[in-house]
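To keep things clear, I will list the structure first and then write my remarks on it.
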Amino acid sequence: MQAEKKPQQQQNLLEIKGLKKYFPVGGGSFFKKDNTYVKAVDDVSFYVKQGETLGIVGESGCGKSTMGRAILQLQTPTEGEVLFEGQDISKFKPKQLRELRKDIQIIFQDPFGSLNQRMTVGAMLSEIVRVHRIVPRSEELTYVQKLLKDVGLNPEHYWRYPHEFSGGQRQRVSIARALAVQPKLIICDEAVSALDVSVQAQVLNLLQKLKRKYNLTYIFISHDLSVVKHISDRVGVMYLGKLVELSDKHGIYKEPQHPYTQALFSAIPDVSVQEKKERMMLKGDVPSPLNVPSGCRFHTRCPLATEQCKQEIPEFRETKDGHKVACHLV
Amino acid sequence: MRKLFLFALLLAFSFLMVACSSASSSTDGNDASEGDSDNQSEDSSSSNSESKDTLVIGLDDDPPQLDPHRSSAAVDRQTFQSLYNKLIDINENLELEPELATDWNISDDGLTYTLTLQEGVTFHDGTDFNAEAVKFNFERMLDPDFASPRASEVNLIEEVNVLGDYEVEIVLSEPFAPFLSVLTDRAGMMVSPTAVEELGDDFANQPVGTGPYEFVERVAQSKIELTRYEGYWREKPAIANVEIRPFPDANVRVTNLVSGELDLLNKIAFKDIEKLKEDPSITLLEKDALGYQGIHLNTEVEPFTNKNIRQAINLAIDREAITRVVFHGGAVPAVSAFAPSSWAAPDFEQPNADVEAAKALVEESGLTDVSFTLKINPKPEEEQMAQMMQAMLSEVGITMEIEMVEFGTMLDQLSTGDFEAVRLGWSGRTDPDGNAYRFFYTDAPNNYTNYSNPEVDGLLDEARTVSVQEERKAMYDQLSEILWDDAPYIFLYHERDYKAMKNYVKGFEHVADTMVRTESVYFE
Amino acid sequence: MEQATEANVKQKIPNPRVEMFKAMMGRFFQNKLAVLGGFFTFLLIFMAIFASVIVPHDPIEQNYSEIMMSPSADHWFGTDEIGRDIFSRVIYGAQVSLQAGLISVGIALAVGVPIGLISGYYRGFWDEFVIMRFTDAMLSFPPLVLALALAAVLGAGLENAMIAIGIVLTPNFIRLIRAEVIAHREREYVEAGKASGLRDWRIILIHILPNTLAPIMVQATLAIASAIISEASLSYLGLGTQPPDPSWGAMLADGQGYLSDAPWIALFPGIFIFITVLSINLFGDGIRDMLDPKLK
Amino acid sequence: MSEHSQLEVKNLHVGFQKKKTFTTILNGVDFSVEKGETLCIVGESGCGKSLTSLSVMGLLPKTGKVTEGQILFDGEDLTEKSQKQMSKIRGNDISMIFQEPMTSLNPVHTVGKQIAEVVQLHEKISKKKAMEKAVDMLKLVGIPSPEQRVYSYPHELSGGMRQRVMIAMALACNPKLLIADEPTTALDVTIQAQILDLMNSLKNDFDMSIVMITHDLGVVSEVADKVLVMYAGKVVEYSDVKSLFNNPQHPYTKGLIESIPKLTEETEELPIIPGSVPNPDNMPRGCRFATRCPHAQPTCFNEVPPLIETESNHKASCWMFDQRWEEIKKEGEAYASRKETAATTEPVRN
Amino acid sequence: MVSFILRRLGLMIVILFLVSIIIFSLVNVLPGDPALLVLGQEATPDQIEALRDEMGLNDPLIVQYFNWVVDVLQGDFGNSIRDNTAVTTILMQKIPVTLELTVLSFFFAILIAIPAGIISASRKGTAWDYSSTLFALSGVSVPPFFLGILFIFIFAVTLGWLPPSGYVPLTEDFGRSLLLMLMPALTIGIRLSAELTRMLRSSLLEVLQSDYIRTGYAKGLLEKSVVFGHALRNALIPVITVSGLQMATFLGGAVITETIFSVPGLGQLVVTSILTRDFPVVQGAVMFMAFAVILINFFVDILYSVLDPRIKLSGGTK
């Protein structure tokens with residue numbers, strides 16, 4: 001798949017080319033290696049511009065989280081390039097990678113699991129600041145407390161343990177941790193999914209605020225379309241390891257082109273009691289990523305599938321200005 | 001799940017039923033002593049010997065070998081007495097008696113022994129016992145490839161000549177007075193030549209002799225079963241079967257005797273002497289044995305290069321206390337290699353313990369901070385004794401560490417000289433030579449102490465050539481004096497031998513060689 | 001939520017650790033049996049440390065006129081077969097047992113923790129094909145047989161027995177720690193650490209290790225209990241503590257012969273092993289509850 | 001409508017015994033469900049909505065206890081029934097499905113066996129008949145090739161399928177009331193749509209009442225006839241579904257609806273409810289939402305607001321709808337001017 | 001399944017290979033010369049040397065190891081140094097004894113552990129629970145030799161109800177054999193039951209917390225049916241693993257108990273063989289034990305997959 005060749009009026013901060021991440025399944029026996037793989041991410045390409053928020057949406061198991069980790073090199077990609085500011089970071093050595101961590105950060109879903117329970121918030125944040133020598137030692141405390149303030153916490157929370165915080169507060173700590181190294185890009189992996197609605201709104205607002213304040217770029221991964229739509233400038237839809245549609249958010253929400261995207265939107269219950277719209281109900285379940293359908297991966301559930309869909313893998317191509325779809329029917 | 005549970009319950013119940021019923025039957029047997037239908041031999045004191053046809057013997061260890069020419073463990077010999085005959089036997093007074101050899105003649109130069117053999121003897125496999133068989137046996141022991149531990153006892157044999165079917169001549173390379181007594185032990189036991197040729201190394205597991213009982217089956221570390229040999233040349237034994245079971249734990253052995261699982265024990269723990277004497281259902285036979293127990297001091301290493309220290313130890317130890325506390329009177333203090341039962345036992349009495357003299361000797365030695373490590377076998381009695389000696393020696397200013405070492409390791413370290421002091425004794429031989437020569441003659445195989453004294457060597461050599469007992473006794477007396485003074489080996493005590501048996505076991509001949517002779521035993 | 005509450009916050013600042021500790025203590029003290037176990041454990045440690053002050057007699061002093069005396073005012077637990085005071089010996093025996101427990105587990109920890117950490121964190125060939133297979137092999141020996149063989153190789157004596165027991169315990173710790181590390185390695189906080197650019201050693205030592213301490217501590221306490229039994233077993237078989245030092249196992253082995261005449265020789269050391277091990281186990285259970293609020 | 005509701009919960013108080021202290025979580029919950037009606041209980045985590053459903057089922061954990069109030073099912077008070085009596089009702093008259101279809105089925109038994117078990121338990125029929133019934137039920141909930149699927153183990157099914165199995169199990173004895181505790185939370189949207197669809201159609205077929213517990217207002221709008229909004233163990237609003245969405249009354253409900261990002265609207269910043277839910281051990285004496293309420297007055301902190309009917313079939317528990325509201329506001333202003341720096345008592349921890 | 005078995009077989013071979021190396025090296029660094037032990041004090045150095053040659057003890061260790069492995073692969077574990085019996089013959093005599101002891105012990109253990117564990121878990125926090133927990137902990141804490149001695153003291157010495165020790169094969173006298181095995185089996189069984197009780201309790205407690213148990217109640221099941229019909233089988237799965245491991249351990253590990261009660265089983269064999277430096281026997285017996293452990297683990301894994309349909313035997317290592 002060819003890379004994006006869009007004329008760059010704005011600088012591309014990150015560019016992904018043909019990214020693949022396969023996980024081997026089972027070990028096989030001693031004598032032969034098993035050749036089955038879970039193709040968690042299969043040939044995905046996109047770019048992220050400086051200062052924008054790219055939303056990635058998809059159902060569980062579609063590979064969106066794996067993609068986030070692969071971009072960050074937390075999991076080494078099986079194939080493909082990850083260009084950050086023009087450099088292919090998938091070829092980076094451990095030392096370069098550590099340096100890179102200053103530029104790309106991640107916020108995880110689970111506000112309980114992603115904090116070390118045995119460390120105070122302050123110790124955790126200071127450690128990172130110290131390792132990357134962000135500020136001189138003497139200013140460490142002030143710096144970290146300012147960070148805490150930035151994310152809406154109290155400077156005194158410096159001495160607290162994670163278990164003393166509520167879910168929302170913990171997520172704020174996670175955000176502070178990501179911010180501590182003054183990154184350029186933050187990957188938010190289901191960052192608000194575990195939160196209650198009222199807290200989720202607080203955190204979303206915070207993320208928006210910080211983005212403006214520090215001129216951040218986000219890749220926002222979530223299964224919640226409303227949230228993604230709210231926060232993103234552009235949105236990509238993933239299905240079984242593939243990007244099926246990618247466009248700016250108005251394009252994708254107003255005129256979804258891929259049948260899967262359409263079904264996805266149609267499935268969201270509306271928070272209102274307007275007359276119920278006609279639903280596009282998908283049949284069956286998402287196939288196992290262990291053995292993905294031939295041709296278009298969506299053809300098993302697609303109400304419009306044709307013979308061609310079963311045979312040929314549809315190309316991910318631009319249909320309108322900045323709107324890309326992988327579907328034979330568009 | 002429920003089904004499984006129920007099944008388990010049922011099983012447990014039936015199991016408990018079995019347990020209860022057998023338990024009650026055994027107690028009944030003990031109390032009321034009628035139990036006519038009882039084939040379990042749980043009888044205690046009396047009567048039902050008619051139904052009982054097996055003598056169950058408890059041994060202190062599992063005999064490793066059933067081949068006398070291969071055997072090196074003392075416990076083996078207990079079984080051999082039933083399976084084999086010796087050429088010559090000894091009686092309760094330690095006098096030689098004919099067994100397979102009805103008569104013997106020694107040439108004047110003491111080199112040629114002519115044996116007349118018993119006629120009409122057959123091995124358990126039917127092979128005839130004759131002069132050829134005797135020749136075969138000695139040659140087997142002398143065969144260097146066979147590596148028999150007997151070799152050292154018979155290595156003076158130059159040739160064995162068959163003079164007739166039942167007459168054989170043995171020629172020695174040099175005079176060896178104790179030779180006849182050697183023939184009363186394993187070297188005199190005759191194995192079947194046919195069986196040996198057939199079985200080779202496996203003979204040890206399927207022994208064939210001429211003895212009163214023949215081999216039936218063996219389960220290692222569990223039991224050895226023997227049955228009466230119907231073709232036995234002498235009067236056949238009264239009891240049909242013999243079962244020999246090893247019980248390394250003395251307590252277990254004794255409890256099994258008391259409860260009636262066993263009829264006879266070859267060895268008891270000394271602490272049980274009083275208890276067994278008092279038990280009305282048990283006969284306890286007591287006899288002075290032939291061995292001695294003590295400590296090998298390595299005279300080539302500090303501090304035992306110093307004679308004063310060796311003597312100090314000799315004097316510091318209160319042998320009375322040890323025999324009383326540890327052995328409950330089942331041992332007598334030792335001052336020489338010859339037990340009271342032996343004709344070679346010295347007449348002189350040595351001081352029991354003299355702490356002051358010992359202290360003086362330590363002073364005299366010029367050594368300070370005298371210390372050494374005593375290696376002992378990990379057995380309760382050894383530990384007790386060692387700890388007592390430790391306390392005694394500390395009183396005279398000698399520090400003794402104790403290290404428990406497995407028997408195998410101990411033998412290894414003894415032979416390589418990797419020790420300071422080792423607590424090890426000798427089970428004893430009928431002839432005094434067997435108790436002294438191998439340990440104290442310069443460079444003799446068991447001279448672990450590295451002791452070398454030309455005077456001692458001379459006495460030992462001479463005592464071998466003289467056959468008059470009185471003359472030999474004088475020599476051994478002198479030897480005992482020298483050894484006490486030089487003290488390369490600290491003689492501690494002579495064990496007495498105890499045979500405990502149910503009081504319905506009769507006819508047991510208790511000989512000082514500590515063997516269990518089953519031939520004469522009967523139930524009453 | 002964060003505004004308006006500074007007064008509250010300040011009030012509570014100094015004590016988060018104390019509070020956590022208090023909660024843990026609360027959970028511990030809730031378990032009555034554990035408290036009892038802890039009490040006995042500390043009593044035993046106290047006895048072991050101050051043995052020389054407590055005991056009425058010299059533990060190795062022999063008195064041939066007082067052999068196998070039944071318990072009395074002078075000899076609380078009676079005397080043994082060479083006239084030594086059993087109470088004094090039992091108290092001194094606590095030193096041996098506790099030493100054996102602590103040191104052998106210490107050895108196992110010293111070897112097992114680093115190997116487990118590295119093996120679990122890096123996985124790969126060494127982990128899969130060398131370390132794991134080796135622990136598999138070690139674990140397929142019956143533990144006492146292995147300890148016995150090792151003790152026989154090293155020679156009798158308390159030090160060697162402790163080394164042997166330590167070696168036998170080690171694979172368990174390697175496995176436990178490795179499994180914990182693997183579990184934690186997948187946790188998001190470790191990923192977050194990596195994403196923050198922390199070095200491996202820092203993640204292993206500062207982040208993963210403290211989080212695995214709870215199960216390690218529990219396992220270690222229980223291992224101390226089993227090490228005490230193992231030492232006693234080896235001493236029982238003659239491969240542990242050497243005379244005249246009093247070891248409960250050896251005392252029991254000696255006393256076994258006198259069960260019918262002087263049962264106290266065997267019974268008292270036996271009871272002490274039992275109480276010690278039980279106390280430590282109870283204590284360990286308490287620690288488990290204390291460290292893991294979910295379990296109760 | 002018959003003489004009594006299918007389910008009527010009156011002034012329900014439920015709490016937990018913790019060591020020496022007793023913490024009351026549910027504090028006077030009232031609602032009723034009519035025959036054939038779907039009631040949604042909605043609220044954020046920790047508001048007590050699941051506890052309400054467990055109380056109805058009599059499945060409170062051992063430390064939990066109903067301290068006050070009544071649960072009337074067909075007019076009979078369930079709180080007075082023994083466990084044995086309750087077990088005859090559970091699975092038969094009242095069924096329940098749970099949030100986690102992954103763990104709510106026993107992994108070691110086939111799904112058929114698990115469905116048949118409930119049938120055999122409540123209807124004296126043979127094993128074979130029960131199995132047949134299981135097949136029928138699987139067919140009913142839309143599981144393909146049910147004859148084979150009865151022999152499947154739960155792990156062989158996808159999440160959506162498992163939730164269908166749970167539904168089949170719950171409906172196997174034609175219950176009068178189905179309690180569904182967050183039945184679609186763990187599922188993907190496309191699957192959620194399928195399950196909601198299924199439930200809606202089955203509700204009509206079985207003519208039963210449904211109590212659905214959820215935190216998702218979208219789901220509420222899909223299925224509910226009536227809605228009960230709970231906050232921190234109390235009912236804050238109880239209404240007809242249309243009325244609730246068109247005209248939410250309670251500040252909490254309003255805040256909740258507004259803080260959800262909408263697909264159809266564009267907002268730069270979401271309206272939010274500040275703060276977080278107070279700790280059950282440290283509840284305000286008065287209105288529990290007072291600590292986060294933009295309109296809160298001193299009275300709100302001290303006095304529990306009654307459930308006030310604001311329009312037909314719409315009640316809200318807020319002083320704003322009381323006649324005294326103007327007075328209360330005045331009092332508050334006076335108070336504020338007296339004590340400028342009055343701090344609220346929001347607890348730090350949750 | 002096939003790939004699982006293949007993989008496990010490969011793994012077993014590797015582990016056995018390592019075990020063989022470990023035991024061989026251990027045995028060969030044991031102090032003490034077996035030749036000396038065979039020949040005793042009366043042997044001459046020449047004889048010892050000759051015997052060492054004959055036994056191959058003078059070959060380089062690698063050669064000795066290689067020879068041994070080659071023999072073992074042909075099913076020949078060599079002969080005992082002590083009595084020249086084939087090691088396989090000795091093992092064949094010992095295995096039934098230990099097997100009888102192990103099976104009986106397990107029988108007792110299960111008999112005690114299952115009810116105790118169930119009561120303890122389902123009546124959590126009650127006096128029942130406390131007493132069963134205390135029992136379990138006591139059982140784990142009591143050293144086997146002390147328990148054995150205590151049994152002998154009480155049942156044999158004081159009460160005289162049971163024979164103190166000894167062994168009769170089952171085939172010879174069924175009742176008596178069981179009677180003799182009663183105390184040793186109880187000694188092991190109590191300890192084992194204690195471990196299983198603890199295991200079952202915690203596993204059952206965990207299972208009772210799970211969602212499907214709540215589902216069971218929601219169906220209208222009573223506690224009894226929930227515990228027996230739904231919880232127990234799930235709770236037993238980890239217990240079975242532990243039992244499997246324990247059984248494997250006891251197959252070779254009842255060292256102390258066998259010694260105390262003079263049960264001529266594998267444990268006693270190994271102890272005496274180590275102490276008497278009977279190298280071929282030690283090697284053979286330990287190889288057998290390790291093999292038994294590995295084999296039992298293998299079967300436990302298979303059993304596991306039978307009990308728990310979630311587990312597929314894919315052969316991945318954990």
Side-chain angles (χ1 to χ4, degrees), chain D residues 50 53-54 56-63 82-111 113-123 151-156 162 165-166 169-170 172-173 175 178-179 181 186, chain E residues 1 119-130 200-201 203-241 300-314 316:
Chain D
S50 287
S53 65
L54 292 175
V56 174
M57 289 296 281
L59 287 179
L60 288 175
K62 277 181 182 160
T63 48
S82 69
Q83 277 298 315
K84 203 159 186 181
Q85 289 168 315
M86 276 308 291
S87 73
K88 293 213 173 77
I89 296 170
R90 289 197 288 256
N92 194 15
D93 296 323
I94 311 178
S95 285
M96 188 161 179
I97 53 179
F98 299 98
Q99 175 176 1
E100 290 292 339
M102 298 294 165
T103 54
S104 293
L105 289 166
N106 191 333
V108 304
H109 295 307
T110 59
V111 295
K113 195 181 161 197
Q114 296 188 56
I115 298 172
E117 185 183 23
V118 67
V119 180
Q120 270 185 290
L121 191 69
H122 297 291
E123 294 165 23
Y151 300 109
S152 296
Y153 287 98
H155 72 276
E156 294 164 341
R162 280 190 236 187
V165 171
M166 283 299 290
M169 198 155 79
C173 293
L178 174 70
I179 301 178
D181 187 354
Chain E
M1 186 75 188
I119 289 171
S120 185
S122 56
R123 304 265 173 278
K124 188 179 163 236
T126 62
W128 284 100
D129 181 24
Y130 280 120
L200 182 59
R201 175 180 184 267
S203 143
L204 201 52
L205 277 179
E206 204 183 308
V207 169
L208 287 174
Q209 299 286 318
S210 54
D211 289 345
Y212 58 82
I213 293 302
R214 197 179 49 185
T215 308
Y217 284 115
K219 277 179 183 179
L221 293 174
L222 284 169
E223 189 184 2
K224 196 177 63 186
S225 331
V226 171
V227 170
F228 283 93
H230 287 270
L232 195 56
R233 180 161 159 201
N234 298 277
L236 279 177
I237 292 169
V239 177
I240 282 171
T241 329
V300 165
D301 279 358
I302 290 179
L303 190 63
Y304 215 115
S305 75
V306 172
L307 284 176
D308 189 342
R310 279 170 300 182
I311 291 164
K312 280 194 219 114
L313 298 178
S314 60

Ranked by heavy-atom pairs below 4.5 Å to chain E, first place among Thr110(D), Thr103(D), Ile94(D) goes to Thr103(D)

Check whether more than 12 heavy atoms from other residues, nucleotides or ligands sit under 6.0 Å from atom CD of Glu223(E), and answer yes or no.
yes

Non-hydrogen atoms of Met96(D) and Ala218(E) that approach each other most closely:
CB-CB, 4.3 Å

Find the distance between CG (Leu222(E)) and CD (Gln83(D)) and round it off to the nearest 0.5 Å.
8.5 Å

Going by heavy atoms in the side chains, are Leu54(D) and Arg214(E) under 4.5 Å from each other?
yes

Is the closest side-chain heavy-atom distance between Thr215(E) and Asn106(D) below 4.5 Å?
no

What part of Leu105(D) lies closer than 4.5 angstrom to a heavy atom of chain E: side chain, backbone, both or neither?
backbone

Within a strict 4.5 Å, meaning less than it, do heavy atoms of the Glu117(D) and His230(E) side chains meet?
yes

Could you check whether any side-chain heavy atom of Pro107(D) comes within less than 4.5 Å of a side-chain heavy atom of Asn234(E), counting everything from C-beta outward?
yes

With side chains defined as the heavy atoms from C-beta onward, is the minimum distance between Arg233(E) and His109(D) less than 4.5 Å?
yes

What part of Lys62(D) gets closer than 4.5 Å to chain E, counting heavy atoms only: side chain, backbone, both or neither?
side chain

Part of Ile213(E) within contact of chain D (heavy atom distance under 4.5 Å):
neither

Taking Ala231(E), Gly220(E), Ser210(E) one by one, which has the highest count of heavy-atom pairs under 4.5 Å against chain D?
Gly220(E)

Of the backbone (N, CA, C, O) and the side chain (C-beta and beyond), which part of Met166(D) lies under 4.5 Å from a heavy atom of chain E, both, or neither?
side chain

If you look at every heavy atom in Tyr217(E) and Arg90(D), which pair is closest and at what distance?
O-NE, 2.8 Å

Interatomic distance, Lys219(E) atom NZ to Gln114(D) atom CD [nearest 0.5 angstrom]:
5.0 Å

